Amino acid sequence: DITRLQKYDLDEGLKIGLAVNQVRDLVNGPHNLVHVETMSDKAKEIAAKNKLKIKVLDKKQLEKLKMGALLGVNQGSKQEAKLVVLEYLPLGKRQEPIAIIGKGVVFDTGGVNIKPTIGITEMHMDMAGGAVVLGIFSLLKELDIKQNVIGLIPLTDNSVDAASMKPSDIITSYSGKTIEIGNTDAEGRLILCDAISYAVKNYKPSAIIDLATLTGACIVALGDQMAGLFGNNDRM
């Protein structure tokens, strides 16, 4: 029935469109309006609305877990780091989940290796990966997706302070691997590695997708109409 099909497509398209616009609002919001607490509060709101399980690990919990990479990036910040963990498990234990992990650097100064003036005004957007995870989790139940999904968002800013990590510092990540800091503006991989390790240890996902904002190099290579994808699974 063409009428029923059109109605379904319209309803689905409207839900997706609203979610995309919510993501854009978060990404476009300046740091004084969209920060660590804003993002964690939004995650709680989405979880409550969709009856999802959520954990928001605070700094004391991250220290207990020894998430040295995320905490290292957070050293120079007045806002304490958080790790948001969302669970959508409609199939229960029958299926290993997909883990979707979004970079949540709510402002990136570059740290001690500070960014040049040109471009730094857009660094409130460095949490776009995390915002996309929130957008996805606002849709999963709405669209009745039959797939177990875990969402993780490591949240911090990357600020300049006397306590900030310095090039040549050595930190220990959640996995136990040590990392020598070569450039404090390479903070995204640090917060993502702790979140990825947490997903692997606690959820044993069938696949991991991380969403970052490595836009500079990708735009040079691909322009602004395509995203760069790096992976080890051609089918995926």
Side-chain angles (χ1 to χ4, degrees), residues 1 4-27 39-57 65 67 70 82-105 127-155 174-175 188-189 191-214 218 226-236:
D1 185 320
R4 286 180 62 196
L5 181 64
Q6 286 174 334
K7 183 181 186 304
Y8 176 79
D9 287 347
L10 181 62
D11 288 346
E12 184 183 59
L14 181 61
K15 290 172 182 175
I16 293 171
L18 288 170
V20 169
N21 283 343
Q22 287 176 21
V23 171
R24 288 173 172 167
D25 285 343
L26 287 171
V27 175
M39 292 286 285
S40 60
D41 286 348
K42 186 67 176 175
K44 291 173 187 174
E45 178 188 317
I46 289 167
K49 181 180 178 182
N50 293 279
K51 296 181 172 61
L52 305 175
K53 188 174 179 181
I54 183 172
K55 287 186 285 188
V56 180
L57 305 180
L65 290 169
M67 285 203 173
L70 174 54
K82 294 184 187 292
L83 177 65
V84 172
V85 184
L86 288 155
E87 298 181 5
Y88 174 78
L89 304 171
L91 302 181
K93 295 181 178 179
R94 288 178 290 159
Q95 184 194 64
E96 293 177 328
I98 292 173
I100 303 179
I101 302 168
K103 179 180 175 183
V105 176
M127 36 58 75
V132 170
V133 173
L134 294 180
I136 290 168
F137 273 79
S138 71
L139 281 173
L140 291 170
K141 190 172 182 180
E142 287 270 1
L143 299 182
D144 194 27
I145 301 298
K146 302 299 185 186
Q147 168 69 53
N148 286 350
V149 186
I150 305 298
L152 296 96
I153 311 169
L155 291 167
Y174 176 70
S175 71
R189 67 205 68 186
I191 72 169
L192 286 168
C193 79
D194 271 355
I196 289 168
S197 296
Y198 185 89
V200 170
K201 181 176 180 179
N202 293 280
Y203 294 99
K204 297 178 174 56
S206 60
I208 299 171
I209 302 167
D210 79 73
L211 303 167
T213 43
L214 304 171
C218 280
M226 290 182 285
L229 172 66
F230 297 87
N232 61 0
N233 184 321
D234 289 343
R235 182 171 174 270
M236 193 171 187

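Every value quoted in this text rests on a predicted model; they were computed, and no experiment measured them.
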From Leu211 CG over to Leu192 CG, what is the distance, rounded to the nearest 0.5 angstrom? 9.0 Å
With sequence neighbours excluded, residues passing side chain to side chain contact (heavy atoms under 4.5 Å, CB included) with Asn232: none
Is there side-chain contact between Ile150 and Leu86, with heavy atoms separated by less than 4.5 Å? no
Are Asn21 and Arg24 close enough that some pair of their side-chain heavy atoms sits under 4.5 Å apart? yes
What salt bridge (Lys or Arg N to Asp or Glu O under 4.0 Å) pairs are there with at least one residue in residues 83-97, not counting sequence neighbours? none
Rounded to the nearest 0.5 angstrom, the CG-OG distance for Leu65 and Ser197 is 11.5 Å
Could you pull out all residues at least two apart from Ser175 that satisfy side chain to side chain donor-acceptor pair (under 3.5 Å)? Ser173
Are any of the side-chain heavy atoms of Lys103 and Met127 separated by less than 4.5 Å? no
Please tell me if the side chains of Pro90 and Asn148 come closer than 4.5 Å, counting only heavy atoms from C-beta onward. yes
Atom of Pro154, atom of Ile101 and distance for their closest heavy-atom approach: CD-CG2, 4.4 Å
Beyond-backbone contact of Met39 with Leu134, side-chain heavy atoms, under 4.5 angstrom: yes
Tell me, please, which residues at least two apart from Val56 pass side chain to side chain contact (heavy atoms under 4.5 Å, CB included). Ser40, Lys44, Ile54, Lys82, Val84
Rounded to the nearest 0.5 Å, what separates atom CD1 in Ile196 from atom CG in Asp210? 4.5 Å
Hey, are the side chains of Leu18 and Val20 touching, using non-hydrogen atoms and a 4.5 Å cut-off? no
Other residues, nucleotides and ligands only: do more than 12 of their heavy atoms fall within 6.0 Å of NZ on Lys49? no
Could you go through residues 136-144 and list every donor-acceptor pair under 3.5 Å that involves a side-chain atom there, pairing it with any protein atom two or more places apart or in another chain?
| from | atom 1 | to | atom 2 | distance (Å) |
| --- | --- | --- | --- | --- |
| Ser138 | OG | Gly135 | O | 2.6 |
| Lys141 | NZ | Asn50 | O | 3.4 |
| Asp144 | OD1 | Lys146 | NZ | 3.2 |

What distance do Leu57 atom CG and Leu83 atom CG have between them, rounded to the nearest 0.5 Å? 5.0 Å
Where is the tightest heavy-atom contact between Tyr174 and Asn202, given as atom of each residue plus distance? OH-ND2, 3.6 Å
Apply side chain to side chain donor-acceptor pair (under 3.5 Å) to Tyr198 and list each qualifying residue two or more places apart in sequence or on a separate chain. Lys55
Looking only at heavy atoms, what is the nearest atom pair of Gly130 and Ile153, with distance? O-CD1, 3.4 Å
By side chain to side chain donor-acceptor pair (under 3.5 Å), which residues pair with Glu45, not counting sequence neighbours? Lys42
Output the distance between atom OG (Ser206) and atom CD (Gln147), rounded to the nearest 0.5 Å. 6.0 Å
